[in-house]
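Read through the structure below, which is laid out as structure tokens, and then see the notes.
Bear in mind the structure is a predicted one, so any value in this text is a computation, not a measurement. Just so we're on the same page: letters track the sequence lines, and every chain starts at 1.
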2 protein chains.
Amino acid sequence: MHELFAEGQAFRANGRLWIEGPADRFLGIGRLELLEQIQTTGSISKAAKAMGMSYKKAWDLVSSMNAQARQPLVGAQVGGAHGGGAALTPAGTQAVAEFRAMQERFAQFLAAETARLYQ
Amino acid sequence: MHELFAEGQAFRANGRLWIEGPADRFLGIGRLELLEQIQTTGSISKAAKAMGMSYKKAWDLVSSMNAQARQPLVGAQVGGAHGGGAALTPAGTQAVAEFRAMQERFAQFLAAETARLYQ
DNA sequence: TACCGTTATATTGTGAAAAATATAACGCCC
DNA sequence: GGGCGTTATATTTTTCACAATATAACGGTA
């Protein structure tokens, strides 16, 4: 296929991968990174800030994930020591691990397809 | 991972796959379907109508693809018998075949990942 | 020659998604 | 008790991609 490309250009296969339920997206790369930031920072608002995302957007994403999962992925506390906070539940930790692995398999797929472009 | 989902729901892996160059997207599923419609209908405007897309959008996509490829993927004629028309070049036909195959490999990947969700 | 359907291109209108803003409630800590 | 930072939620504003519209040129054909 490389004979189709303009010469000397760096073309590559790229894409997006997600898990969707009957009504809505369940997990994608953005939601995954948000979960990881919540894991790191202990708060939805700090996670949102770290991702350059509005708090409302982050909260809506968390709400969507929690609503679709059998057990919530994120637990939150209002008020208290430093105003409250959020953390991953065991289900959330498991979801992060398994979906991160899925993303890595996808990265392998994309690398193989990119290599095939130049065969 | 299925133990994370709300019971009895139909979750599945889904995604999008494309080929990108240094500046812009080169081929995606929408561009592929547009090329196939041009192949079928012999015109950019008919292809756009068949896809529920504005002519300008379709023309911009064709222009982007032609600009990035070593040889144009679509050839167009202005004026003449029925006002003109468009057709795939040999390079365009090859691009459709190869990228369609790439999409099918991606569909296989998605099916395998969906199956894995319920392992 | 006038007409037609198309390519080619610019400009304007529009609607949906996202950000920004606002407000309330909560519970620890000084 | 008052302040603080957070969650939770609604409303307003902004942005941006896309559609819609407009216009010109082209070259067969009747």
Side-chain angles (χ1 to χ4, degrees), chain A residues 16 18 20 23-26 28-69 71-89 92, chain B residues 16 18 20 23-69 71-89 91-92:
Chain A
R16 299 273 286 179
W18 62 84
E20 63 187 24
D24 195 10
R25 187 165 300 198
F26 176 54
I29 185 68
R31 290 170 189 235
L32 173 62
E33 287 172 7
L34 179 62
L35 291 177
E36 289 172 338
Q37 287 291 333
I38 290 171
Q39 202 167 34
T40 302
T41 63
S43 118
I44 296 176
S45 68
K46 289 203 185 81
K49 191 157 299 181
M51 294 186 64
M53 174 189 294
S54 70
Y55 172 78
K56 182 190 188 328
K57 177 75 182 290
W59 188 89
D60 284 348
L61 292 176
V62 168
S63 171
S64 164
M65 288 186 273
N66 281 350
Q68 292 181 83
Q71 310 283 346
L73 304 188
V74 174
Q77 289 149 3
V78 178
H82 302 85
L88 297 193
T89 64
Chain B
R16 299 271 287 179
W18 63 85
E20 63 187 26
D24 194 10
R25 188 164 301 197
F26 175 56
L27 275 177
I29 184 67
R31 290 169 189 235
L32 173 62
E33 287 172 7
L34 179 62
L35 292 177
E36 290 172 338
Q37 287 291 334
I38 290 171
Q39 201 167 34
T40 301
T41 62
S43 117
I44 296 175
S45 67
K46 290 203 185 82
K49 192 157 298 180
M51 294 185 66
M53 175 190 292
S54 70
Y55 171 78
K56 182 192 186 331
K57 176 75 182 289
W59 188 88
D60 284 347
L61 293 175
V62 168
S63 171
S64 164
M65 287 186 275
N66 281 350
Q68 292 182 81
Q71 308 285 344
L73 305 187
V74 174
Q77 288 147 4
V78 179
H82 302 85
L88 297 193
T89 64

How far apart are the closest heavy atoms of Ala47(A) and Leu34(A), and which atoms are they? CB-CD1, 3.9 Å

What heavy-atom pair brings Ala86(B) and Val74(B) nearest, and what distance separates the two atoms? CB-CG1, 4.0 Å

Side chains of Thr40(B) and Glu36(B): is there a donor and an acceptor less than 3.5 Å apart? no

Partner of Val62(B) under side chain to side chain contact (heavy atoms under 4.5 Å, CB included), chosen from Ile38(B), Leu35(B), Leu73(B): Ile38(B)

Where chain B begins and ends its contact with DNA chain D, read 5' to 3' at 4.0 Å from heavy atoms: dC18(D) to dG28(D)

5'-most contact on DNA chain D: Ala81(B) or Gly83(A), nearest heavy atom basis? Gly83(A)

Can you tell me how far OG of Ser54(A) sits from NZ of Lys49(A), rounded to the nearest 0.5 angstrom? 11.5 Å

Run the side-chain contact (heavy atoms from CB on, under 4.5 Å) check on Gln37(A) and Ile44(A) step by step: do they pass? CA-CA 8 Å; Gln37(A) 287 291 333; Ile44(A) 296 176; over 6 Å; no

Whole-Å distance separating the OH atom of Tyr55(B) from the P atom of dA10(C): 13 Å

Nearest heavy atom decides the nucleotide; on that basis, is His82(A) or Ala76(B) closer to the 5' end of DNA chain C? Ala76(B)

Which pairs, with at least one residue in residues 71-84 of chain A and sequence neighbours excluded, count as a side-chain hydrogen bond (donor to acceptor under 3.5 Å, both in side chains)? none

For Arg25(A) and dA17(C), what is the distance between atoms CZ and P respectively, to the nearest whole Å? 13 Å

Judged by nearest nucleotide, the residue sitting upstream toward the 5' end of DNA chain C, Gly79(A) or Asp60(B), is Asp60(B)

Looking at residues 36-47 of chain A, who's got a heavy atom less than 4.0 Å off DNA chain D? Ser43(A), Ile44(A), Ser45(A), Lys46(A)

Quick one about Ser45(A) and Ser43(A) (side-chain donor to acceptor, distance below 3.5 Å, no hydrogens or angles considered), yes or no? yes

